[in-house]
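So the structure is just underneath, and the comments pick up after that.
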Protein chains: 2
Amino acid sequence: MHTSKRVLFLDLVLSILRLNGLLIAEGDAMTEKLDLTHARWKVIGAIALSTNGLTVPGIARVLGQSRQAVQRITDVMVEDEILEYRANPKHKRSVLVTLSEEGKEVYINLRDVQDPWAINVTEDIPAEELETALRLVRRLIKKFN
Amino acid sequence: MHTSKRVLFLDLVLSILRLNGLLIAEGDAMTEKLDLTHARWKVIGAIALSTNGLTVPGIARVLGQSRQAVQRITDVMVEDEILEYRANPKHKRSVLVTLSEEGKEVYINLRDVQDPWAINVTEDIPAEELETALRLVRRLIKKFN
DNA sequence: AATCGAATGACAACATAATGCCAAAATAAA
DNA sequence: TTTATTTTGGCATTATGTTGTCATTCGATT
């Protein structure tokens, strides 16, 4: 049966919205014992994946959120000594957000629960399918940037 | 270059979080003139795609959200006469949420902006890729249900 | 029919995020 | 350099969503 691309795409959009909600629930359940919330582990994940450090608006762009929302979270995480603000050589006002020593430990603990989860979930999914999906998702992201 | 499935998957997860944010921004920009917010068009979309009507918790399941959040939105949308609560033959307390006459018009307007957008975005993307991605996303949704 | 567990509605408290606004700084363009 | 545009920080307001709790209803099991 032939389904039009339009319907296919709208279905994909709704499914991604749904998967987003489920992923957040998964993450929250997974990080419950680490005293993390999704707002927090999303920020930690974004920073950990970056190579040269990220500014607050940079994190917001990676996460597809408003910079104000990210700023709020990073401020309290700096207070909690999970994150640190460091001078940004490329920008006087916009500081870089980095993991503190404690934050790095948190990240290690995060990976300790995240990795087995990722391995388990993808157990029966070929890498090729993941790659194809990732390529498409990135392609869409580019369009909307 | 070979990337492990684990990293691939975690990358996909972050990308989906990001795409989610961008899709919401796209939708909000698109529906600005329709006086809709993403919380609202998500509900309208879910109802419109259902065949036999949906209850509030049903909508929440489709959207991957809490039923309380959906209830809050549907309550104000009923006040605004976009939605209607109808008796549910299968459940005494859990009513069905349907589009009112005005709501149907809103949905028509929604499709008027949504369809060209969907067609435009998928212009250079083969249907097969969309199908593959949709299959994977649904597969993941099933895992997390 | 009686009972038990799951689903639902209702409400409150809280967390997260978006929006709007303005000033300062950075970047790009002239 | 000067000007214009964009980015950023900060702040307040509002919107959205989650979590927790309790009573009611539904559905399944016995």
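Each chain gets a letter, A, B and so on, in the order the sequences are listed, and its residues count up from 1.
- Atom CG of B:D35 sits in a sparse spot, with 12 or fewer heavy atoms from other residues, nucleotides or ligands closer than 6.0 Å.
- Under the 4.5 Å side-chain heavy-atom criterion for Ile, Leu, Val, Met, Phe, Trp and Tyr, B:I16 and B:L63 are members of the same hydrophobic cluster.
- Qualifying salt bridge (Lys or Arg N to Asp or Glu O under 4.0 Å) partners for A:E101, counting only residues two or more places apart in sequence or in other chains: A:K104.
- A rotation axis mapping the C1' atoms of four pairs onto the next four is fitted at both ends of the helix from C:dA1-D:dT30 to C:dA30-D:dT1 over five pairs, and the angle between these axes is 60° to 10 degrees.
- Residues B:L12 and B:L136 are in side-chain contact: their nearest non-hydrogen atoms beyond the backbone lie under 4.5 Å apart.
- At whole-Å resolution of the value, CG in A:D28 and C1' in D:dG20 are 15 Å apart.
- A:R138 meets the salt bridge (Lys or Arg N to Asp or Glu O under 4.0 Å) test with B:D11; sequence neighbours excluded.
- Remark: B:R72 engages no residue in a side-chain hydrogen bond (donor to acceptor under 3.5 Å, both in side chains) (not counting sequence neighbours).
- Every residue was checked against the salt bridge (Lys or Arg N to Asp or Glu O under 4.0 Å) condition with A:R135, not counting sequence neighbours, and none meets it.
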Considering only nitrogen or oxygen atoms on both sides, find all protein atoms under 3.5 Å from nucleotides 6-10 of chain D and state each distance.
| unit_1 | atom_1 | unit_2 | atom_2 | d |
| --- | --- | --- | --- | --- |
| D:dT8 | OP2 | A:R61 | NH1 | 2.9 |
| D:dT8 | O3' | A:S94 | OG | 3.1 |
| D:dT8 | O2 | A:R93 | NH1 | 3.2 |
| D:dG9 | OP1 | A:S94 | OG | 3.1 |
| D:dG9 | O4' | A:R93 | NH2 | 3.1 |
| D:dG9 | N7 | A:R67 | NH1 | 2.5 |
| D:dG9 | N7 | A:R67 | NH2 | 3.4 |
| D:dG9 | O6 | A:R67 | NH2 | 3.1 |
| D:dG10 | O6 | A:Q68 | NE2 | 3.4 |

side-chain contact (heavy atoms from CB on, under 4.5 Å) between A:L49 and B:L10: does it pass, once the steps are laid out? CA-CA 10 Å; A:L49 279 189; B:L10 293 177; over 6 Å; no
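- Following rounding to the nearest Å, A:Q65 (CD) and D:dA15 (C1') show an atom-to-atom distance of 15 Å.
- Every residue meeting the side-chain contact (heavy atoms from CB on, under 4.5 Å) condition with A:V95, not counting sequence neighbours, appears here in chain and number order: A:Y85.
- Across every non-hydrogen atom of B:A127 and A:L8, the tightest pair is O-CD1, 3.9 Å.
- For residues 40-58 of chain B, the pairs satisfying side chain to side chain donor-acceptor pair (under 3.5 Å) are B:D28-B:W41, B:R40-B:D80, with sequence neighbours left out.
- In this structure, the CD1 atom of B:I73 is 11 Å from the P atom of D:dT18, given to the nearest Å.
- Put simply, chain A comes within 4.0 Å of DNA chain C, heavy atom to any atom, from C:dT16 to C:dT27, going 5' to 3'.
- Put simply, NZ on B:K92 is 5 Å from P on D:dC26, counting in whole angstrom units.
- Residues that satisfy the side-chain contact (heavy atoms from CB on, under 4.5 Å) test with A:A60, not counting sequence neighbours, are A:R67, A:V70.
- Listed by chain and residue number, nothing satisfies the salt bridge (Lys or Arg N to Asp or Glu O under 4.0 Å) test with B:E128 (two or more places apart in sequence, or in another chain).
- Listed by residue number, A:T37, A:H38, A:A39, A:K42 are the residues of residues 35-49 of chain A with a heavy-atom contact under 4.0 Å to DNA chain C.
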